[in-house]
J.: 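Take a look at this one; I'll ask things after.
The analysis underlying the following values was restricted to heavy atoms, covering all of them including side chains, and did not include hydrogens, waters or symmetry mates.
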Amino acid sequence: METGSAHWPYRARIAHRGAGLLAPENTLAALRLGASLGYRMFEFDARLAGDGTVVLLHDDTLERTTDGRGRVAACSLGDLARLDAGSWHGAAYAGEGVPTFARVARWLLANGLQANVEIKPCPGRERETGAAVALEARCLWPRGQTAPLLSSFSAQALEGARAAAPELPRALLVESLPPDWRQRCASLGCVALVAWHEALDEAAIGRAHATGLRVLAYTVDAPARVRELDSWGIDGLITDAVDRIAPD
Ligand code: G3P
Ligand code: MG
């Protein structure tokens, strides 16, 4: 996919952290729940374990979403495989594991679902993480299937992804709109901007579209705000409210 391409293959409603509010974030249980509610595209967070395996975890450390302790970057896949990533959310999810990117990709592909892979590098491993996620995505997604959209707050991670697999579509994530956001997207070869929804207005979306960029908003949970962003021509919405925002 090229910057400015008119073709946009992605769904307009995207479940955040794999539908990770009603079920433990970034787990297969969450993805399954989102799919059961009709969601066809999932945002999730991908990072490197210490042995180079790409896994789904949001934080640099294990405490918030698993029963482990310490830094993800200090763990091997074997260490992570022993963790419970579900009990913190509720007893119904006890024993839910930390999934690898490969496992999740196979599940998504088997079910005809789309992905927005947020590259979450730990400090100092930005470029390496972007490259690892992109290379693995290239291997996992067969030609002819809609490739995952790779996004990151880290320009270095996006540069790493671009160097490793330039054909995969990339998006720059921002919490607020820097004055040079269009130049940043262009210099990283991004096809889309993914912005905190309160940073967006109709004019910004129009400016992005005028330069051939698509615009996604996160995390949008209020139906009235969904309608407003839709009326401004937003291309995609990432939501936690998978039980209240209808999938497309
Ligand atoms: O990719 C959009 C959103 O997930 C970014 O924020 O912290 O939920 O990963 P965070
Ligand atoms: Mg994320």
Side-chain angles (χ1 to χ4, degrees), residues 1-23 25-46 56 104-118 137 140-142 144-152 168-174 185 190-210 212-248:
M1 186 183 295
E2 292 166 10
T3 305
S5 166
H7 180 60
W8 185 250
Y10 298 109
R11 297 284 176 153
R13 301 288 183 264
I14 305 159
H16 185 225
R17 301 188 190 178
L21 193 64
L22 301 179
E25 65 183 53
N26 290 313
T27 65
L28 275 166
L31 292 155
R32 286 195 176 101
L33 179 69
S36 77
L37 294 169
Y39 272 74
R40 313 298 295 167
M41 183 166 177
F42 296 86
E43 185 268 1
F44 51 84
D45 305 295
L56 271 62
V104 166
R106 281 196 299 276
W107 182 84
L108 291 168
L109 285 161
N111 289 282
L113 304 171
Q114 298 180 343
N116 167 206
V117 185
E118 186 191 338
L140 291 165
W141 265 262
Q145 297 277 354
T146 301
L149 177 66
L150 307 182
S151 61
S152 189
L168 294 179
R170 293 172 301 281
L172 178 66
L173 260 165
V174 293
C185 286
C190 288
V191 297
L193 175 80
V194 186
W196 167 239
H197 74 91
E198 289 186 9
L200 292 171
D201 57 22
E202 187 170 18
I205 294 169
R207 282 198 298 277
H209 287 166
L213 273 176
R214 300 290 181 151
V215 187
L216 282 67
Y218 76 90
T219 308
V220 189
D221 295 340
R225 183 63 171 161
V226 170
R227 287 193 291 276
E228 185 171 48
L229 288 158
D230 278 342
S231 76
W232 295 342
I234 197 88
D235 298 287
L237 297 171
I238 299 171
T239 184
D240 280 322
V242 291
D243 53 342
R244 289 183 287 118
I245 307 295
D248 66 326

J.: Only pairs under 3.5 Å count here: list side-chain donor-acceptor contacts from residues 197-209, not counting sequence neighbours, and write none if there are none.
T.:
residue: H197; atom: ND1; partner: R225; partner atom: NE; Å: 2.9
residue: D201; atom: OD1; partner: A203; partner atom: N; Å: 3.3
residue: D201; atom: OD1; partner: A204; partner atom: N; Å: 2.8
residue: H209; atom: NE2; partner: D235; partner atom: OD2; Å: 2.7

J.: Sequence neighbours excluded and cut-off under 3.5 Å, please list the side-chain donor-acceptor pairs for residues 238-247, or say none.
T.:
residue: T239; atom: OG1; partner: V220; partner atom: O; Å: 2.7
residue: T239; atom: OG1; partner: D221; partner atom: OD1; Å: 3.0
residue: T239; atom: OG1; partner: A241; partner atom: N; Å: 2.9
residue: D240; atom: OD1; partner: H16; partner atom: ND1; Å: 2.9
residue: D240; atom: OD2; partner: H16; partner atom: ND1; Å: 3.4
residue: R244; atom: NH1; partner: D221; partner atom: O; Å: 3.2

J.: What pair of heavy atoms forms the shortest contact from W141 to L108, and how long is it?
T.: CZ2-CD1, 4.3 Å

J.: Indicate yes or no: at least one non-hydrogen side-chain atom of V191 is less than 4.5 angstrom from one of L213.
T.: no

J.: What's the spacing between L237 CG and R13 CZ if we round to 0.5 Å?
T.: 4.5 Å

J.: Do F42 and L113 have side-chain heavy atoms sitting under 4.5 Å apart?
T.: yes

J.: Once you round to the nearest 0.5 Å, how far does CG of L173 lie from CD of E43?
T.: 7.5 Å

J.: Could you tell me which non-hydrogen atom of S231 sits nearest to which non-hydrogen atom of E228, and how far apart they are?
T.: OG-O, 2.6 Å

J.: Measuring from atom CG of L22 to atom OG of S36, what distance do you get when rounded to the nearest 0.5 angstrom?
T.: 9.5 Å

J.: Please report the interatomic distance CG(L149) to OG(S151), rounded to the nearest 0.5 Å.
T.: 6.0 Å

J.: At what distance, to the nearest 0.5 angstrom, does CG of L28 lie from CG of L33?
T.: 12.5 Å

J.: Compare every heavy atom of Q114 with every heavy atom of Y10, then report the nearest pair and how far apart it is.
T.: CA-OE1, 3.2 Å

J.: Closest heavy-atom contact between R17 and E25?
T.: NH1-OE1, 3.0 Å

J.: Determine which pairs satisfy ring pair (Phe, Tyr, Trp, His ring centres under 6.0 Å) with at least one residue from residues 223-247, sequence neighbours left out, and list them in order.
T.: none

J.: Please identify which of these residues, T27, N116, V104, meets the side chain to side chain contact (heavy atoms under 4.5 Å, CB included) condition with F44.
T.: V104

J.: Taking the side chain as every heavy atom from C-beta outward, state whether R11 and Y39 have any atom pair closer than 4.5 Å.
T.: no

J.: Supply the atom-to-atom distance L193 CG to R214 CZ, rounded to the nearest 0.5 angstrom.
T.: 13.5 Å

J.: Please find the pair of heavy atoms, one from P148 and one from A137, that lie closest to each other, and give the distance.
T.: CG-CB, 3.9 Å

J.: Compare every heavy atom of P169 with every heavy atom of A147, then report the nearest pair and how far apart it is.
T.: CB-CD, 4.1 Å

